[in-house]
Number of protein chains: 2
Amino acid sequence: MKSPSQPRDRGIPEATVARLPLYLRALHGMAERGIATVSSEDLAVAAGVNSAKLRKDLSHLGSYGTRGVGYDVEYLVYQISRELGLTQDWAVAIVGVGNLGRALANYGGFVSRGFRVAALVDADPEVVGDTIAGLNVEHIDDLEAVIKRRGVSIVVLATPAAAAQEVCDRVVAVGVTSILNFAPVVLSVPESVDVRKVDLSIELQILAFHEQRKAGGPLMAVDSQ
Amino acid sequence: MKSPSQPRDRGIPEATVARLPLYLRALHGMAERGIATVSSEDLAVAAGVNSAKLRKDLSHLGSYGTRGVGYDVEYLVYQISRELGLTQDWAVAIVGVGNLGRALANYGGFVSRGFRVAALVDADPEVVGDTIAGLNVEHIDDLEAVIKRRGVSIVVLATPAAAAQEVCDRVVAVGVTSILNFAPVVLSVPESVDVRKVDLSIELQILAFHEQRKAGGPLMAVDSQ
DNA sequence: CCGACTTTGTGCATCGGTTCACAAAGGGAT
DNA sequence: ATCCCTTTGTGAACCGATGCACAAAGTCGG
Ligand SMILES: NC(=O)c1ccc[n+]([C@@H]2O[C@H](COP(=O)([O-])OP(=O)(O)OC[C@H]3O[C@@H](n4cnc5c(N)ncnc54)[C@H](O)[C@@H]3O)[C@@H](O)[C@H]2O)c1
Ligand SMILES: NC(=O)c1ccc[n+]([C@@H]2O[C@H](COP(=O)([O-])OP(=O)(O)OC[C@H]3O[C@@H](n4cnc5c(N)ncnc54)[C@H](O)[C@@H]3O)[C@@H](O)[C@H]2O)c1
């Protein structure tokens with residue numbers, strides 16, 4: 001038995017990283033349905049991408065397929081999970097337990113992929129001390145202590161926009177380097193910190209742009225002027 | 001007075017469209033603070049992008065700046081808003097009024113940008129009939145009627161994954177061509193329909209990938225092998 | 001009215017990502 | 001053991017996006 005190909009390149013393209021979770025989701029579904037082996041073509045359809053792209057993406061992790069056959073589902077799940085760092089558990093803290101923070105805290109979909117909501121933090125005395133999704137809401141004054149105590153490495157920011165930068169600065173100061181930001185502000189962080197943002201309002205605006213094009217289309221009269 | 005430059009090109013790059021809302025947000029902040037004029041450099045910093053990129057983006061809309069001075073804040077707000085189709089009101093329906101749907105319904109940030117939550121729809125008899133954020137939750141059986149009656153043109157999907165494709169098919173069948181999907185599934189739609197997806201789990205997985213790299217870093221021992 | 005200064009708008013080189021298309025690899029049938 | 005069929009892995013062309021760097025345009029002080 002020859003040695004299986006090593007993870008070939010430590011530099012995986014960002015676009016590929018963003019798609020790996022998609023493949024993983026599709027593969028999990030297949031594993032559940034008892035599918036043992038899958039071709040790049042079938043997996044690509046399930047994940048909603050082009051099959052050449054899928055193969056190139058996977059080739060960045062190593063050579064895990066068998067020509068003429070396809071990919072072993074279980075094995076590929078493992079390889080992608082390992083690459084994404086999902087073989088370990090990640091402790092996540094949610095700061096800002098309002099409408100959105102609550103929804104996130106109650107969401108079961110995170111746990112299933114190796115993420116554990118380990119702490120909820122808020123500034124409002126009305127909210128602090130409440131139990132949400134089995135967790136005690138802690139006070140923002142204890143932010144640093146909570147993060148250290150619970151081993152939090154990823155922080156989700158769901159505070160109002162005005163508070164986001166300050167909270168961000170504080171978590172960065174205690175060593176957090178991964179932040180998921182829901183507040184509609186541009187966070188300023190050191191280069192070493194990763195911030196991903198989710199802005200629903202922006203998504204809607206992009207949809208509106210295209211919707212307008214479709215409606216107004218090739219030759220709609222202008223409204224004014 | 002010479003005629004102002006026309007919107008130069010009807011084909012605006014997708015990457016540019018995705019950034020226009022960012023500029024708009026920054027500009028609104030400036031307008032509120034009474035700033036009348038802004039340079040590409042300052043606006044770029046506020047929006048978190050490179051100033052050359054900003055100028056190129058804006059140049060796709062037309063030539064709205066003044067050399068040596070910058071851009072008129074109010075005027076630029078108007079031009080970007082018009083380009084994005086925010087001068088009109090968009091009626092949005094939220095289907096699936098659970099944890100997430102409720103958070104979205106209660107969120108004030110949409111209305112402020114020309115989006116109006118015009119309908120809430122759910123399948124659960126416990127939820128149907130409730131009033132959330134001043135809106136009556138309607139039954140999924142009436143989905144088509146509600147969409148037509150309220151003039152909904154954008155649908156937000158916040159149902160469980162299993163129900164998303166079916167709801168999607170139904171709204172597409174009544175003519176909706178813009179969908180914002182929160183369910184972790186790849187929706188299958190005709191080419192003419194725009195689907196944007198928000199998947200928090202994917203965002204966390206991307207963060208985890210980078211976090212692992214930082215931690216494991218240049219030379220961490222492998223766990224197995 | 002002029003000249004120095006500021007800032008835009010864009011040509012161009014570059015880069016990362018996508019897609020095509022095919023040689024090489026492997027499995028299974030005979 | 002050989003051949004045929006399927007499917008991977010990837011070289012290379014292509015495409016859109018980025019960012020540099022600067023000429024053109026316009027302002028403002030004198
Ligand atoms: N709810 C949505 O659907 C939605 C959609 C898009 C964006 N957002 C953004 O997400 C963020 C949260 O939205 P929301 O609707 O949950 O708002 P919310 O007002 O319901 O909740 C905000 C919570 O943050 C807490 N908070 C305020 N200052 C804090 C601080 N300094 N430290 C810790 N906690 C603090 C408040 O006590 C409150 O519980 C906002 O920035 C909002 O713009 C929300
Ligand atoms: N809550 C989160 O933070 C979060 C995060 C990421 C993704 N998501 C995704 O968003 C979706 C909603 O999440 P949630 O936490 O609000 O779930 P939820 O179970 O709280 O809410 C789902 C709602 O959809 C309704 N529903 C079910 N079938 C329906 C149908 N056929 N038509 C109309 N309504 C129907 C249910 O009655 C329920 O009210 C899920 O797909 C979930 O995976 C949620």
Side-chain angles (χ1 to χ4, degrees), chain A residues 1-20 22-23 27 30 35-73 75-76 79-80 83 206 210, chain B residues 1-20 22-23 27 30 35-73 75-76 79-80 83 206 210:
Chain A
M1 182 194 190
K2 74 168 196 301
S3 69
S5 344
Q6 289 291 88
R8 146 175 340 234
D9 189 357
R10 290 275 89 188
I12 295 184
E14 197 51 39
T16 295
V17 173
R19 281 187 297 266
L20 291 179
L22 229 54
Y23 305 152
L27 286 165
M30 289 172 173
I35 298 172
T37 277
V38 67
S39 70
S40 63
E41 185 56 39
D42 290 353
L43 181 53
V45 168
V49 303
N50 174 308
S51 73
K53 183 151 57 178
L54 174 100
R55 288 198 298 277
K56 185 149 288 187
D57 282 344
L58 294 184
S59 78
H60 286 114
L61 314 194
S63 197
Y64 297 137
T66 306
R67 294 174 191 229
V69 176
Y71 301 88
D72 182 90
V73 173
Y75 187 55
L76 199 51
Q79 290 299 342
I80 296 178
E83 193 65 40
I206 296 171
H210 293 294
Chain B
M1 181 192 189
K2 74 170 196 297
S3 70
S5 342
Q6 288 291 89
R8 141 179 343 235
D9 190 358
R10 291 275 85 189
I12 296 185
E14 197 51 38
T16 295
V17 173
R19 281 187 296 266
L20 290 180
L22 230 55
Y23 305 152
L27 286 165
M30 290 171 172
I35 298 172
T37 277
V38 67
S39 70
S40 63
E41 186 55 40
D42 289 353
L43 182 52
V45 168
V49 303
N50 174 307
S51 72
K53 184 153 52 180
L54 174 103
R55 286 197 300 276
K56 186 151 289 186
D57 283 343
L58 293 184
S59 78
H60 286 114
L61 314 193
S63 199
Y64 297 136
T66 304
R67 294 174 191 228
V69 176
Y71 301 88
D72 182 273
V73 172
Y75 187 54
L76 199 51
Q79 290 299 342
I80 295 178
E83 194 63 43
I206 296 171
H210 292 294

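If you're wondering where the values come from, they're calculated on a predicted model, not measured in any experiment. Residue numbering restarts at 1 for every chain, and letters A, B, ... go by the order of the sequence lines.
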message = When you compare the side chain of B/Leu58 with that of B/Tyr64, does any pair of heavy atoms fall below 4.5 Å?
response = no

message = Working note: A/Ile35 + A/Asp42, criterion side chain to side chain contact (heavy atoms under 4.5 Å, CB included); need CA distance, chi angles, decisive distance, verdict.
response = CA-CA 11 Å; A/Ile35 298 172; A/Asp42 290 353; over 6 Å; no

key: Under-4.0 Å side-chain N/O to phosphate OP1/OP2 contact, A/Ser39 with D/dT7   = no

For nucleotides 15-17 of chain C, print each protein N/O atom paired with a nucleotide N/O atom at under 3.5 Å, atom names and distance only.
{"residue": "C/dG17", "atom": "OP1", "partner": "A/Ala15", "partner atom": "N", "Å": "3.4"}

inquiry  = Within the 4.5 Å heavy-atom criterion, are A/Lys56 and A/Thr16 side-chain neighbours or not?
reply    = no

query = With no angle test and no hydrogens, is the base of C/dT7 tied to the side chain of B/Arg67 by a donor-acceptor pair under 3.5 Å?
reply = no

query = With sequence neighbours left out, what residues match A/Val69 under side-chain contact (heavy atoms from CB on, under 4.5 Å)?
reply = A/Thr37, A/Thr66

Could you run down the sub-3.5 Å N/O contacts of the protein with nucleotides 20-22 of chain C?
{"residue": "C/dA21", "atom": "N6", "partner": "A/Arg55", "partner atom": "NH2", "Å": "3.3"}

Residue list, side-chain contact (heavy atoms from CB on, under 4.5 Å) with B/Lys53, at least two apart or on another chain = B/Arg19, B/Val49, B/Asn50, B/Asp57

task = For B/Ser39, enumerate each residue passing the side-chain hydrogen bond (donor to acceptor under 3.5 Å, both in side chains) test, keeping only those at least two apart in sequence or located in another chain.
result = none

remark   = Applying salt bridge (Lys or Arg N to Asp or Glu O under 4.0 Å) to A/Arg55 and not counting sequence neighbours gives none

request  = Considering just the side-chain nitrogens and oxygens of A/Ser40, establish if one lies under 4.0 Å of OP1 or OP2 belonging to D/dT7.
outcome  = no

task = Compare side-chain N and O positions of B/Tyr71 against OP1 and OP2 of C/dT6 and report whether any pair is under 4.0 Å apart.
result = no

request  = Considering non-hydrogen atoms only, spot the tightest contact between A/Val73 and A/Leu27 and give its length.
outcome  = CG1-O, 3.7 Å

remark   = Heavy-atom nearest nucleotide on DNA chain C taken for A/Val69 and for B/Gly65; more 5' hit belongs to B/Gly65

